[in-house]
Number of protein chains: 2
Amino acid sequence: MARENTCQFAILGMLCREPMSGYGLRQTIERTVGHFWQESYGNLYPTLERMEAEGLVALDREEHSPGGRVRKVYRVTADGRRVLSEWLRRPVVPHVERNELLLKLFFGGRVGPEDSLAHVERSRAEAEGLLATLRLIDEDVRHSREGHPELPYWHLSIRAGLLGLEAHLRWCDEAQETLQRLAHTKDSKKKKKGEVG
Amino acid sequence: MARENTCQFAILGMLCREPMSGYGLRQTIERTVGHFWQESYGNLYPTLERMEAEGLVALDREEHSPGGRVRKVYRVTADGRRVLSEWLRRPVVPHVERNELLLKLFFGGRVGPEDSLAHVERSRAEAEGLLATLRLIDEDVRHSREGHPELPYWHLSIRAGLLGLEAHLRWCDEAQETLQRLAHTKDSKKKKKGEVG
DNA sequence: CGCCTATATATCAGTCTGATACAAATGCGC
DNA sequence: GCGCATTTGTATCAGACTGATATATAGGCG
């Protein structure tokens, strides 16, 4: 077997909160765990179909509008809850995540420090944006869900995001310094060459 | 178009250092950028075949041993170098990386703090192992490749790994504390219930 | 001589993304 | 009340990528 379909567990977890459509699942996942987990429709719809066939979820209700449009709302079954609990207890299989930024920097010597510097600067801007968003979410969840028994669990993922982004920004500082020094050295060489030649 | 084949750029970058076989590419990628980039054979071999057809790489030499065994050594072409440079200058497309640990913690309320605590402890042990390895690699590269013009670029990715892992360990501290408090609260409740009921 | 490990190529089922297509409901300005 | 943009909603596809598996030789060691 290759890796297991993880989408199904995200679905089960979200359906345990309340019944939803495929579209609603995508929305909820984006809004709650979007900073570390996302699902595409091309993954959700086929997975929901398979899960229904396997009895992990069931059609809660199917709404037909006059025009013939369908809206399928799913709920989790007892089997689904069991499968979710089993997965939640199973150890996480570690795997190396691909980092395109670092790969481009690793080969950075082939194009010069200015290009690498631009990559780092864009990454820094992106991280700063995410950090601001996450801080807002943090505040929001803290107040709107005050006293909710699952709040400490939700807060863990936000803290992971905050600490990770802060570390990334510190790395950006270092990297920018290194690359600026490289760019400067290169310029000096050019100048010297020009003066002597 | 879906996402572009990134494997080809890793291949091009590595072949710029020296001609290699598919097997050698896998080895080199693992040893040099393995902490943030990996390639599987199922990805490498078909990609190499396509790249040869497109003229990005060429067969440097093909070694036939008496038994009929083949060893295909590829080198990068001028076209390949151009394609690599273009990619290196193109901005990185940001994307959310899936984090299975955080997803399990997010739904942690469904199974109790002990299970979540076990996940964090395993993750911490893994991170400590990686950190130790990365520190060794750091030392090794620093000495064995002293003065190499591309050393600063290589060092950037190692620093990213070190800072990221250190941040992760700090998060583990926080998370363990939170979860231990939750487990303790639950125990107190149980005790009280037992005493009263 | 057998056994293990490293070298080496190749294929496949299944996961997942990003794009695209289609269509109805809803809100909004004018 | 009309046109238009956005939101809600389901569905499919090519292509990327993983992890497993199959196959086979070379070299080292006891």
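Treat the numbers as computed from the prediction; the structure is a model and nothing was measured.
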Exercise for the section: Assign B:Thr47 to base, sugar-phosphate, or nothing according to its heavy-atom contacts below 4.0 angstrom with the strands shown. Expected result: nothing

Exercise for the section: Scan B:Asn43 against the nucleic acid and name what it touches under 4.0 Å (heavy atoms): base, sugar-phosphate only, or nothing. Expected result: base

Grab the [atom1]-[atom2] distance between [X] and [N] for me, whole Å please.
X	N	atom1	atom2	answer
A:Glu49	D:dT10	CD	C1'	10 Å
B:Tyr41	D:dA22	OH	C1'	14 Å
B:Glu54	D:dG15	CD	C1'	14 Å
A:Arg3	D:dC17	CZ	P	11 Å
A:Tyr45	C:dC22	OH	C1'	13 Å
A:Leu48	D:dA11	CG	C1'	12 Å
A:Arg50	C:dC16	CZ	C1'	13 Å
B:Leu44	D:dA16	CG	P	14 Å

Practice task
In plain terms, say whether B:Arg135 and B:Glu128 are close enough for a salt bridge, that is, a side-chain N and a carboxylate O under 4.0 Å apart.
Solution key: no

Practice task
State plainly whether the residues A:Glu100 and B:Arg90 are in salt-bridge range, i.e. N to O under 4.0 Å.
Solution key: no

Handout entry: side chain to side chain contact (heavy atoms under 4.5 Å, CB included), paired with B:Pro152, selected from A:Leu179, A:Thr178, A:Thr185, A:Leu105
Key = A:Thr178

Problem - Shared hydrophobic cluster, A:Val57 / A:Val73 (ILVMFWY, side-chain heavy atoms < 4.5 Å) - result: no

Practice task
Answer with yes or no whether the hydrophobic clustering places B:Val96 together with B:Leu101; edges join I, L, V, M, F, W, Y residues whose side-chain heavy atoms lie under 4.5 Å apart.
Solution key: no

For a quick check under 3.5 Å, do [X] and [Y] share a side-chain donor-acceptor pair by atom type?
X	Y	value
B:Ser85	A:Arg110	no
B:Arg181	B:His184	no
A:His168	A:Ser123	yes
B:Gln176	B:Arg124	yes
A:Gln8	A:Arg50	yes

Problem - DNA chain C: 5'-proximal contact among B:Tyr74 and B:Arg98 (nearest heavy atom) - result: B:Tyr74

Problem - Phosphate OP1/OP2 of C:dC16 contacted by A:Asn5 side-chain N/O (<4.0 Å) - result: yes

Handout entry: Those residues of residues 10-33 of chain B lying under 4.0 Å from DNA chain D by at least one heavy atom
Key = none

Completion exercise
Between A:Arg159 and B:Trp171, the two heavy atoms sitting closest are C-CD1, 3.9 Å

Practice task
Considering non-hydrogen atoms only, spot the tightest contact between B:Glu39 and B:Arg26 and give its length.
Solution key: O-NE, 2.8 Å

Fill in the blank from the handout: Here the residues of residues 86-96 of chain B within 4.0 Å heavy-atom distance, strictly under, of DNA chain C are none

Problem - Among C:dT17, C:dA8, C:dA10, the nucleotide that comes nearest once only the side chain of B:Arg71 is considered - result: C:dA8

Problem - Ranges pairing with ranges for DNA chain D, where each run has three or more Watson-Crick or G-U pairs under 3.5 Å - result: C:1-30 with D:1-30

